[in-house]
There are 4 protein chains.
Amino acid sequence: MARITGSNGERTAAAIRQAALRLIHAQGFAAMNLRELAAAVGISPASLYNHMTTKQSLLFDLMLEHMTALLEQTDAALAAAGPEPLARLEAFIGHHVLYHLERKREVYIANFELRALDQPNAARIIGMRHDYEARLIALLEEGTAAGLLSLGDARISAYAMLAMLTGVCTWYRVDGRLTRQEIVALHTRLALEGVLRRG
Amino acid sequence: MARITGSNGERTAAAIRQAALRLIHAQGFAAMNLRELAAAVGISPASLYNHMTTKQSLLFDLMLEHMTALLEQTDAALAAAGPEPLARLEAFIGHHVLYHLERKREVYIANFELRALDQPNAARIIGMRHDYEARLIALLEEGTAAGLLSLGDARISAYAMLAMLTGVCTWYRVDGRLTRQEIVALHTRLALEGVLRRG
Amino acid sequence: MARITGSNGERTAAAIRQAALRLIHAQGFAAMNLRELAAAVGISPASLYNHMTTKQSLLFDLMLEHMTALLEQTDAALAAAGPEPLARLEAFIGHHVLYHLERKREVYIANFELRALDQPNAARIIGMRHDYEARLIALLEEGTAAGLLSLGDARISAYAMLAMLTGVCTWYRVDGRLTRQEIVALHTRLALEGVLRRG
Amino acid sequence: MARITGSNGERTAAAIRQAALRLIHAQGFAAMNLRELAAAVGISPASLYNHMTTKQSLLFDLMLEHMTALLEQTDAALAAAGPEPLARLEAFIGHHVLYHLERKREVYIANFELRALDQPNAARIIGMRHDYEARLIALLEEGTAAGLLSLGDARISAYAMLAMLTGVCTWYRVDGRLTRQEIVALHTRLALEGVLRRG
DNA sequence: GATGAATGAGTTTTCATTCAT
DNA sequence: AATGAATGAAAACTCATTCAT
């Protein structure tokens, strides 16, 4: 008999993912233990294994889901932005900041728990991250080619911009002083001013 | 009779600190185990305890030494820069990047292993970090008051700048393509352009 | 679905308690290690922790169970003895000796491992022991008030009697020369003669 | 060059013995560690080994010294008491109580840390203890032969008396309510009444 | 799908002891 | 006689994982 969508099993699996995101973000993957995770979900440690294969695979699944979503949504945002280089760069920045505000835990984990991944898993995530960085580098090069930007070095500039824009994950609080739009605007300016070519 | 300076004891203690920096940076504090650390130093795990009290205190000592040095050296750099707001801001940025290039492991650890500290220890380090951030915020405010800068928000701008400038720790390699001076120059421009007031 | 009574879990827990009594009695709490205990039960050291929280709590549980039983059974024996002071004193002595013959290990542990308990745990057991001593002191005072006993000091006499009567734990063997009844009779006489008032 | 009596070495050795008595009595031999002992004496753990060979031998030496003194002093007390059986029994009891009041820690240790001794050491101390018990058993048998005492069983009576008389170690405080003479008198009566033959 | 019980391998830390100085 | 540093062995306890039910 087929189980209906949102069945107990699926709900438990989702709860595990949510709790894992919270705990890994708060304590780090190595410091999170499965007893805690199980307790946070309200099941026994043994039951966790009905929904995941190993602790390692749980981490990998979380990261993979995040990187996949990030790449897809970024491509969608760029597609919607049209062909103009500056508009595309702004679209990238805007999407990056918004996504990072909304999914700061996934982002943090994907950035800082890479070292906790086994080799094949790590390689896969690193590859996706390179893909992502490549999109920004390409945008910077397009802009430079179009005479709109001026940079010392496209790769290093891209890294610096990503570090800055990703920094929001560190301090953002949903109930903070600034609205998301203000944060996006502020960061867009901070990022763009550093690369715009001046008359 | 006093032991000679540079005795085996002191050398061992220094070797432990160096190895700990390397291992914690590479794997994270929770994932580093004391067997590994001892092996890296060439002593037995038990001998570690002739030079530290607990694993936790080792981490704290490493962080405290770093934050103390960072604050002292920053103050020295600002003192040397004289009174001019822009010169002072540039001095801060330049020192920050250089320090972070040279001590990327300490920096990385101090940023990402805060969660591994016990409460009282964490509070102390967080306090020092606030002191550091406060210096940049003050510089931004001085510059704004002097009509030289224009920012959306001093605190958020400071955070964004620090995130960007600290990002070098992530990818910097001693034998990389760019010289330190190039990296400093590149980041100084990226950071300053975002906040300078335009005619 | 509820687990059946006497399940493996309960049986294991009981086996741990029995083995712990034996080992602590033979070697002392500090000298007993959990490897030995686990081996005696036939499980791995890690499995011990499915049935206890810490080594310390194991000791406390053992002592608490014993003191609770001792107080309850003593009260039952006194209740059964009726109101006559001498009969009550004899009932106390008889019960004390029999209980101590039967549970010599618990008694020994409760007497000599108090120092191994953490402060709050120790205070609780010491309180129960005072309750027990208070019952004998009260009996001695009743007997004195009724003109049946004559003592130098009720408290010291009670301590001396308890020391003597508890001494059986030191040398008693189930297969020894004397029957329990003989041992009880002998000690009742030794104890009573020292306090009876004479014509 | 010969060292003068009371030299530093001897004083340290004596301090170690005193501190060891205190710590073993308070915590038990297995629970006392040599770091603590060294700290109590004010030297380093390594220095302990200039005055003892092993932790085990320290315990044995303490016990041996005590048992030797106990046997010698008992014999002296009996010799002084003359030939009369009751006088000798009283002398034994009086001496036992006084000695146990004065050296309660040695006594306690000798009684309860036997299990911590290695086999050959344990056998030697147990032998001396049997010698001591034999003296009381002999006194009880002499008294019975002389028609002065009446006992159910000389050995068990001796054990019970020793347990009672040794009990003072448990609660005696130098600054307590009763004088030593009162404690001796009280225990002499408690012990004798239980065994005296009645017309 | 859930779980109590079990476990091998590992963790940090302690300990008695040694030894060069 | 004293000690800082070192250490093998062991301690209590934790952890991810398994499995019968």
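Labels below follow one simple rule: chain letters A, B, ... track the order of the sequence lines, proteins then strands, and each chain is numbered from 1.
Under a 3.5 Å cut-off, the side chain of E106(C) and the backbone N or O of H66(C) do not form any donor-acceptor pair.
Nearer the 5' end of DNA chain E, as judged by each residue's closest nucleotide, is the contact made by G42(C), out of G42(C) and K55(B).
The distance between atom CG of N33(A) and atom C1' of dT17(F), rounded to the nearest whole Å, is 13 Å. Summarising the geometry, the separation between CG on L58(A) and P on dT17(F) is reported as 10 Å, rounded to the nearest angstrom. Straight-line distance from the CE atom of M52(C) to the C1' atom of dA6(E): 15 Å, rounded to whole Å. Following rounding to the nearest Å, L59(B) (CG) and dT12(E) (P) show an atom-to-atom distance of 13 Å. When rounded to the nearest whole Å, the span between CD of Q27(C) and P of dA11(F) equals 11 Å. Between L48(C) atom CG and dA11(F) atom C1' there is a gap of 13 Å when expressed in whole angstrom units. Spacing between atom CZ of F29(C) and atom P of dA11(F) amounts to 13 Å, rounded to whole angstrom units. With rounding to whole Å, E36(D) atom CD is found 8 Å from dC15(E) atom P.
If you check every strand for non-hydrogen atoms under 4.0 Å, N50(C) touches a base. Residue-level contact check: M32(B) touches the backbone only, with heavy atoms under 4.0 Å from sugar-phosphate atoms and none from bases.
The side chain of S47(B) lies closest to dT7(F) when the candidates are dT7(F), dT13(E), dA12(F). Proximity note for I43(C) (side chain, C-beta onward) versus dC13(F), dT17(F), dT7(E): the nearest is dT7(E). The side chain of L34(A) lies closest to dT17(F), out of dT13(E), dT17(F), dA16(E). In this structure, of dC15(E), dT3(E), dA6(F), it is dC15(E) that holds the atom nearest to the side chain of A46(B). The S44(C) side chain lies nearest to dG8(E) when the options are dG8(E), dT12(E), dA12(F). For T54(C), whose side chain is taken as the heavy atoms from C-beta onward, the closest listed nucleotide among dA16(F), dC13(F), dT14(E) is dC13(F).
Counting heavy atoms of neighbouring residues, nucleotides and ligands inside a 6.0 Å radius, atom CZ of R124(B) does not exceed 12 of them.
The partner of dT21(F) is dA2(E), by the rule that a Watson-Crick or G-U pair needs both atom distances under 3.5 Å. Pairing partner, dT11(E): dA12(F), with both Watson-Crick or wobble hydrogen-bond distances short of 3.5 Å.
Looking at L23(A) and N33(A), their side chains never come closer than 4.5 Å, going by heavy atoms from C-beta outward.
Regarding contacts with the backbone of dA6(F), a side-chain N or O of T12(B) is found under 4.0 angstrom from either OP1 or OP2. One finds no side-chain N or O of H51(C) lying less than 4.0 angstrom from the OP1 or OP2 phosphate oxygen of dG4(E). For the OP1/OP2 pair of dT14(F) and a distance below 4.0 Å, the side-chain nitrogens and oxygens of R35(A) include no atom meeting the criterion.
Residue L62(A) holds its CG atom at 12.5 Å from NE2 of H25(A), rounded to the nearest 0.5 Å.
For K55(B) and F60(B), the positive end is not near the middle of the six-membered ring at less than 6.0 Å and at most 45° from its axis.
For the residue pair L117(D) and Q56(D), the shortest heavy atom distance occurs at CA-OE1, 3.3 Å.
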